[in-house]
Amino acid sequence: GAGVSQSPSNKVTEKGKDVELRCDPISGHTALYWYRQSLGQGLEFLIYFQGNSAPDKSGLPSDRFSAERTGGSVSTLTIQRTQQEDSAVYLCASSLGIRTGDTGQYFGPGTRLTVT
Amino acid sequence: ILNVEQSPQSLHVQEGDSTNFTCSFPSSNFYALHWYRWETAKSPEALFVMTLNGDEKKKGRISATLNTKEGYSYLYIKGSQPEDSATYLCALPIGGAGSYQLTFGKGTKLSVIP
């Protein structure tokens with residue numbers, strides 16, 4: 001079946017511009033996660049959605065970052081007024097339920113964001 | 001803050017060689033450990049989810065062991081092939097049982113030379 005998809009695969013933007021990154025999770029997966037990997041760093045948790053519950057935004061690095069998930073499916077991560085330190089690979093993942101300790105997460109191919 | 005350490009950071013091996021690398025983590029409040037493989041230009045792929053001390057999992061030529069008392073897991077690759085070249089990540093749920101946030105190590109980048 002279809003896996004997690006993300007778009008765009010690459011995005012180059014000028015400092016100060018806003019960007020939107022999109023994630024389509026696996027159908028039926030209620031949990032959706034956003035991560036990013038900056039150069040030389042591990043994967044960093046950003047935000048988590050579970051069903052219709054309020055998202056856990058505890059990993060968002062600043063108020064320039066926001067995310068929404070419409071209809072319990074597609075998610076959009078928005079970065080306003082991008083800065084060079086926002087350059088990273090942004091990964092989306094989904095899973096069947098909340099107990100990610102029991103099952104793995106399914107990742108999309110990522111969006112490589114470069115802020116010039 | 002959960003500290004997940006992976007070593008070595010990178011590794012070059014010849015095709016056919018066997019290799020292994022390590023994931024270290026705090027042994028207290030352990031719930032589960034995940035191994036992922038991340039090939040360049042592809043999505044990270046789940047390899048194993050391990051929960052029991054002494055557990056050993058195997059998938060083809062790749063296997064993993066877990067020691068929760070001393071806080072480490074080994075990933076072994078037998079007879080490395082060029083297609084094994086990837087970054088191998090380990091991750092643990094931050095808050096133990098029922099937690100949804102994973103803390104990832106920085107990964108071990110494996111390059112298999114034909």
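Atom set for the values below is all heavy atoms of this structure, side chains included, hydrogens, waters and symmetry mates excluded. Naming convention: chains lettered A, B, ... in sequence-line order (proteins, then strands); numbering from 1 in each chain.
Interface residues of residues 103-114 of chain B toward chain A, defined by a heavy-atom distance below 4.5 Å and sorted by number: B:Phe104, B:Gly105, B:Lys106.
Hydrophobic cluster membership is shared by B:Ile77 and B:Phe48, with clusters built from Ile, Leu, Val, Met, Phe, Trp and Tyr side chains linked at under 4.5 angstrom. No single ILVMFWY cluster, assembled from side-chain heavy atoms under 4.5 Å apart, contains both A:Phe49 and A:Ile26. Transitive grouping of hydrophobic side chains (ILVMFWY, heavy atoms separated by less than 4.5 Å) brings B:Leu33 and B:Ile62 into a common cluster. Linking Ile, Leu, Val, Met, Phe, Trp and Tyr residues whenever their side-chain heavy atoms come within less than 4.5 Å places B:Leu47 and B:Phe21 in a single cluster. No continuous path of ILVMFWY side-chain contacts below 4.5 Å connects A:Leu60 to A:Val89, so the two sit in separate hydrophobic clusters.
With contacts defined as side-chain heavy-atom distances shorter than 4.5 Å, the pair B:Pro44/A:Leu91 qualifies. B:Tyr36 has its side chain within reach of A:Phe107: a pair of non-hydrogen atoms, C-beta onward, lies under 4.5 Å apart. Within the 4.5 Å cutoff, no side-chain heavy atoms of B:Leu102 are placed close to those of A:Tyr33.
Judged as a side-chain hydrogen bond (donor to acceptor under 3.5 Å, both in side chains), the pairs with a partner in residues 79-89 of chain A (not counting sequence neighbours) are, in order, A:Arg64-A:Asp86.
Residues A:Pro109 and B:Ser43 come closest through the heavy atom pair N-OG, 3.1 Å.
If you measure heavy-atom distances from A:Gln37 to chain B, the contacts under 4.5 Å come from the side chain alone. B:Leu89 touches chain A through its side chain: at least one heavy atom from C-beta onward sits under 4.5 Å away, while N, CA, C and O do not. In this structure, chain A has a heavy atom under 4.5 Å from the side chain of B:Trp38, while its backbone stays farther away.
Its side chain within the 4.5 Å cluster rule, B:Tyr76 clusters with B:Tyr72, B:Tyr74 among the Ile, Leu, Val, Met, Phe, Trp and Tyr residues.
Shown here is B:Gln81, whose CD atom has more than 12 heavy atoms of other residues, nucleotides or ligands within 6.0 Å.
Applying the ring pair (Phe, Tyr, Trp, His ring centres under 6.0 Å) test to A:Tyr106 and every residue at least two apart in sequence or in another chain returns A:His29.
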